[in-house]
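The analysis underlying the following values was restricted to heavy atoms, covering all of them including side chains, and did not include hydrogens, waters or symmetry mates.
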Amino acid sequence: MTSSTPGATPPDGTEQLPAPAGLDDVKGWFFAADQLLFDWFLTRQKDLAEAGDLLEVGAYLGKSAIFTGSYLRPGERFTVCDLFDGPADDSANGAEMAKSYSTLTRRAFEANYLSFHAELPTVLQGLSSMVPGRVAEDSCRFVHVDASHLYEHVHADIATARAVLKPYGVVVLDDFRAEHCPGVAAAAWQAVTSGGLHVLCITGTKLYGTWGDPAALRAGLAAWLRTRTDLWHGEESVAGEPLIRISGKKAQLPPQPVSRHPAPPRAAPSRTPGTAAAPRSHPPLHRFAANVLPPFLTKAAVSARRRGQGR
Ligand SMILES: C[S@@+](CC[C@H](N)C(=O)[O-])C[C@H]1O[C@@H](n2cnc3c(N)ncnc32)[C@H](O)[C@@H]1O
């Protein structure tokens, strides 16, 4: 995560917009295991020619939106909804915003997004309750719900996701089991036990589900997970249905979206003779591979390098 304050306004009044050189530089909460799962679900939809729009409710500075936008195909629309620096509607949501997202601005989101993509998504600035009027029912193949953590909002966001998703669509619910978000947990499990949502898998932070037929998705996911040495998984039964639990502590990042900004030059490390060089924050092969090679070669090159390091 970057340590600078995105969108901050210095004393001379000019806004310092972020210029991330990589997704790592975009502040947010989107971990390696979830990046791998987004990649798996969105690539599977492409392979099966499952068309549809993408929706993210709760974008913050764009970390997961930038990643998701890489999977947009011609003729599809990506809609992002966030309050950004606008007002919340109720005091509880306002307190949530002031506590967790005080440095957020729409301009910083847009600067981050345009560092990786030629065009912005369709941006809806305001409460997530505006989404049903702006995104058509049965139009989406992938919806990421990651906005307010309050039960009433999340319950409504899940209902929106159900309405806009196509039968083969996938919904992702963030923070469904975080200690500070009991309202998300309540809304998520209510959708499962009495709202027809089938859980496909869970990670430490996100729940992946569908209101369509889960059988083929579960089978494909289980087969893929058996090939991954960096993701632990186990199967359990919850409320009479199978559920795959995934631990991604050793997860290796999938190919990353490429920024148009060059990485800042690194200062040459000052070394005392006989001491080891400081570790690099971005392995050069990973950056080269992610920038230049097709994804399947990138994955192979990065895995080979990691195997060489004994990880
Ligand atoms: C956890 S952050 C999103 C993180 C982002 N998806 C990422 O990967 O970095 C939650 C976002 O939801 C937005 N938000 C909070 N309440 C909202 C509401 N009622 N309607 C729309 N957006 C809301 C906040 O402004 C914040 O940017």
Side-chain angles (χ1 to χ4, degrees), residues 1-10 12 14-39 42-43 54 56 58-72 78 80 82 84-85 101-121 123 144 146 230 248 251-271 277-306 309 311:
M1 288 187 194
T2 178
S3 56
S4 61
T5 304
T9 308
D12 66 2
T14 56
E15 193 179 10
Q16 298 283 297
L17 289 172
L23 197 63
D24 251 10
D25 298 332
V26 179
K27 197 174 161 189
W29 301 268
F30 190 41
F31 305 112
D34 293 300
Q35 293 190 25
L36 284 167
L37 283 162
F38 274 49
D39 177 54
L42 289 160
T43 302
L54 311 176
E56 179 169 272
Y60 190 51
L61 288 163
K63 198 175 187 90
S64 52
I66 290 163
F67 190 90
T68 306
S70 304
Y71 297 82
L72 193 66
F78 181 24
V80 162
D82 201 292
F84 296 113
D85 28 356
Y101 316 119
S102 58
T103 60
L104 174 61
T105 68
R106 177 171 174 172
R107 281 171 58 83
F109 164 83
E110 292 182 348
N112 277 334
Y113 196 92
L114 290 173
S115 299
F116 297 85
H117 297 289
E119 284 176 21
L120 286 172
V123 178
H144 183 203
D146 192 7
D230 59 336
Q252 296 179 5
L253 288 171
Q256 299 288 282
V258 177
S259 169
R260 65 188 166 84
H261 302 295
R266 276 193 299 269
S270 58
R271 288 180 58 189
R280 292 183 217 264
S281 58
H282 297 289
L285 175 60
H286 191 169
R287 180 170 288 284
F288 165 78
N291 285 344
V292 177
L293 300 176
F296 70 97
L297 285 179
T298 308
K299 283 178 178 165
V302 172
S303 308
R305 178 180 177 279
R306 286 187 171 144
Q309 290 175 335
R311 278 196 271 159

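The CZ atom of R107 sits 5.0 Å away from atom CG of L17, with the distance rounded to the nearest 0.5 Å. How far CG of D230 is from CD of Q252: 4.5 Å, rounded to the nearest 0.5 Å. To the nearest 0.5 angstrom, D24 atom CG is 7.0 Å from L253 atom CG.
Smallest separation of non-hydrogen atoms from G62 and V26: C-CG1, 4.3 Å. When all heavy atoms of P262 and A21 are compared, the closest pair comes out as O-CB, 3.7 Å. When every heavy atom of S115 is checked against every heavy atom of P18, the shortest pair comes out as OG-O, 4.5 Å.
When side chains are defined from C-beta on, H117 does not count as touching L72, because their heavy atoms never get closer than 4.5 Å. Side chains of F84 and V123 form a contact here, defined as non-hydrogen atoms less than 4.5 Å apart. Side-chain contact between Y60 and L104: present, with at least one pair of heavy atoms (C-beta onward) separated by less than 4.5 Å. Residues F38 and S70 are not in side-chain contact: their nearest non-hydrogen atoms beyond the backbone lie 4.5 Å or more apart.
No donor-acceptor pair under 3.5 Å is formed between the side chain of N112 and the backbone N or O of A19. Side-chain atoms of S259 never come within 3.5 Å of backbone atoms of G22 as a donor-acceptor pair (strictly under, hydrogens ignored). A donor-acceptor contact shorter than 3.5 Å links the side chain of D82 to the backbone of A59. Panel note: side chain R260, backbone L114; a donor-acceptor pair is recorded below 3.5 Å. Not one N or O on the side chain of K63 forms a donor-acceptor pair closer than 3.5 Å with the backbone of W29.
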Please walk me through it: do V80 and Y113 pass side-chain contact (heavy atoms from CB on, under 4.5 Å)? CA-CA 11 Å; V80 162; Y113 196 92; 5.7 Å; no

Show the numbers, then the answer: is there a side-chain contact (heavy atoms from CB on, under 4.5 Å) between T105 and E110? CA-CA 9 Å; T105 68; E110 292 182 348; over 6 Å; no

Working note: T68 + F78, criterion side-chain contact (heavy atoms from CB on, under 4.5 Å); need CA distance, chi angles, decisive distance, verdict. CA-CA 9 Å; T68 306; F78 181 24; 4.0 Å; yes

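In this view, F67 and F30, Y71 satisfy the ring-ring contact (aromatic ring centres under 6.0 Å, His included) rule, not counting sequence neighbours.
In this structure, a donor-acceptor pair under 3.5 Å is present between the side chains of E56 and S64.
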